[in-house]
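Hydrogens, waters and symmetry mates are skipped; everything else that's a heavy atom, side chains included, is used. What you are looking at is a predicted structure, and each value in this text was computed from that prediction instead of being measured.
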Amino acid sequence: MSSTVAAATAHARTLHREGRERFFYVIACVVMLVGVAVGFHMFYLHGLNDAGQPVTQQSASLVYVHGGLMTCWMVLFALQCGLVTTGNRRLHMKLGMAAVVLYAVIVPIGVITALLQIRYADPRSFPPFGPYRFLTLPLAEVANFTFFIGTGFLFRCRPQRHRVLMMMGTLSAAQAGIGRIGPMRNLFFRASHAAFFPTFWGATITFVLVLWLVKLAMTRRLDRSFDIAVALFIASGLLSSYVSTTAWWIQLAHRITQ
């Protein structure tokens, strides 16, 4: 009798913890949406870049398509989080097929958009780093999105890993907006004396570390899958920032954008 009660109690605790973890992903999704809306408010409201300037004419159409696709992804991710939280797994799995199609379109368009923006950018843009160094940022974002979301699809039958990977992949997409929140980027820029990594990755990494703490507080346990994903995300930022300083990258960036 006592063993049955203990088993029932343990099962109830597991379900409670599972519910809190699902709710954590809803919170993370909402905060990401807010971050993207704030970072891209000039684009959404006025069709301008974060500096308040018109989007480069030669690549404007593709930039709008790319922005629309990424907005659709963020909305779809929010919907998927809501469906899982409310227990509607069947519709969640059906919409997963739409996510696969959207993913297959987003990745190549993201790469092409990044290359064309740098191709037509003013050589004096993105001071003090220059357009070729800056190129590592959108390409790293696309690479992270590709890796995390692609791996997330492979682990779709293992929910705990699946949701970690899908969230980190979506965060990789949201980084473009979070990293453009002016006050935060300026703070990291000044505090680091114009270092590349803190300037462009600081806000998003701060965000993901705060999420790590929130998740730990809500679930009261470490999640190795989440920890590894966070570590990989930070490592990708460090690696891309280092690559941006090398002579061979500047030469390669010049070639692939001409």
Side-chain angles (χ1 to χ4, degrees), residues 10-37 69-107 110 141-178 204-237:
H11 181 64
R13 287 176 179 172
T14 300
L15 289 177
H16 183 59
R17 186 174 61 195
E18 178 74 12
R20 285 185 296 182
E21 186 162 347
R22 291 178 182 175
F23 185 57
F24 160 77
Y25 285 101
V26 173
I27 293 173
C29 178
V30 170
V31 177
M32 279 193 282
L33 285 170
V34 172
V36 170
L69 289 171
M70 296 311 302
T71 301
C72 289
W73 179 271
M74 296 297 299
V75 172
L76 179 59
F77 179 73
L79 179 59
Q80 290 288 67
C81 286
L83 290 172
V84 171
T85 303
T86 56
N88 196 338
R89 292 182 177 273
R90 179 175 296 181
L91 183 55
H92 174 84
M93 294 177 69
K94 288 182 178 180
L95 286 178
M97 297 307 299
V100 172
V101 174
L102 190 57
Y103 166 82
V105 175
I106 283 174
V107 173
E141 291 170 355
V142 173
N144 283 339
F145 178 82
T146 303
F147 170 75
F148 285 119
I149 299 298
T151 309
F153 287 145
L154 295 178
F155 282 98
R156 62 189 178 277
C157 295
R158 302 183 67 174
Q160 186 172 350
R161 293 186 180 180
H162 172 72
R163 54 184 171 235
V164 168
L165 291 163
M166 298 304 285
M167 193 209 82
M168 291 304 298
T170 303
L171 177 63
S172 301
Q175 180 181 352
I178 295 171
T204 313
I205 288 177
T206 300
F207 173 80
V208 77
L209 291 176
V210 170
L211 283 182
W212 183 88
L213 290 173
V214 170
K215 188 174 188 296
L216 181 62
M218 291 180 68
T219 62
R220 299 177 184 177
R221 69 184 181 93
L222 293 172
D223 182 342
R224 189 167 71 171
S225 297
F226 194 84
D227 297 345
I228 292 173
V230 169
L232 288 174
F233 183 82
I234 295 173
S236 71

> Can you name the nearest heavy-atom pair linking F233 to T204, along with the distance?
Replying inline: CZ-CG2, 3.7 Å
> Which heavy-atom pair separates V31 from F207 by the least distance, and what is that distance?
Replying inline: CG1-CE1, 3.0 Å
> Among all residues two or more places apart in sequence or in another chain, which pass the side-chain contact (heavy atoms from CB on, under 4.5 Å) test with R158?
Replying inline: F155, R161
>> If you apply the rule side chain to side chain contact (heavy atoms under 4.5 Å, CB included), what do you find for M168 with V208, and how did you get there?
In response: CA-CA 9 Å; M168 291 304 298; V208 77; 4.0 Å; yes
> Taking C-beta and beyond as the side chain, do M70 and V36 meet within less than 4.5 Å on heavy atoms?
Replying inline: no
> Which residue pairs pass the salt bridge (charged side-chain N to carboxylate O under 4.0 Å, His left out) test when at least one of the two sits in residues 163-174, sequence neighbours left out?
Replying inline: E18-R163, E21-R163
> Checking side chain to side chain contact (heavy atoms under 4.5 Å, CB included) for the pair L154/L165: CA distance, chi angles, key distance, verdict?
Replying inline: CA-CA 10 Å; L154 295 178; L165 291 163; over 6 Å; no
> Are side-chain heavy atoms of M218 and I27 found at a separation under 4.5 Å?
Replying inline: yes
>> Run M32 and M167 through side chain to side chain contact (heavy atoms under 4.5 Å, CB included) and show every step you take.
In response: CA-CA 10 Å; M32 279 193 282; M167 193 209 82; 4.0 Å; yes
>> Give me each pair satisfying side-chain hydrogen bond (donor to acceptor under 3.5 Å, both in side chains) with a member in residues 227-236, each pair once, sequence neighbours excluded.
In response: N144-S236, W212-D227
>> Taking side-chain contact (heavy atoms from CB on, under 4.5 Å) as the definition, give me every residue that meets it alongside N88, ordered by chain and number, with sequence neighbours left out.
In response: L83, T86, R90, L91
>> Quick check: closest heavy atoms across V164 and S225, and the distance to 0.1 Å?
In response: CG1-O, 3.7 Å
> For the residue pair H162 and G152, what are the closest heavy atoms and their distance?
Replying inline: ND1-O, 2.8 Å
> So L171 and Q175, side chain to side chain contact (heavy atoms under 4.5 Å, CB included) or not? Walk me through it.
Replying inline: CA-CA 6 Å; L171 177 63; Q175 180 181 352; 5.8 Å; no
> Could you state the interatomic distance from CG (L33) to OG1 (T71), rounded to the nearest 0.5 Å?
Replying inline: 9.5 Å
> Side chains of R220 and R20: closer than 4.5 Å at any heavy-atom pair?
Replying inline: yes
Donor-acceptor pairs are to be reported for all side-chain atoms of residues 73-81 against protein atoms at under 3.5 Å, with residues two or more places apart or in another chain.
unit_1	atom_1	unit_2	atom_2	d
W73	NE1	T170	OG1	3.1
Q80	OE1	H92	ND1	3.2
Q80	NE2	H92	O	2.9

> Which class fits the ring pair F226 and Y25: parallel under 30°, tilted 30 to 60°, perpendicular over 60°?
Replying inline: perpendicular
> Under 4.5 Å between any side-chain heavy atoms of V142 and V107, yes or no?
Replying inline: yes
>> Tell me every residue that passes side-chain contact (heavy atoms from CB on, under 4.5 Å) with V100, counting only those two or more places apart in sequence or in another chain.
In response: F153
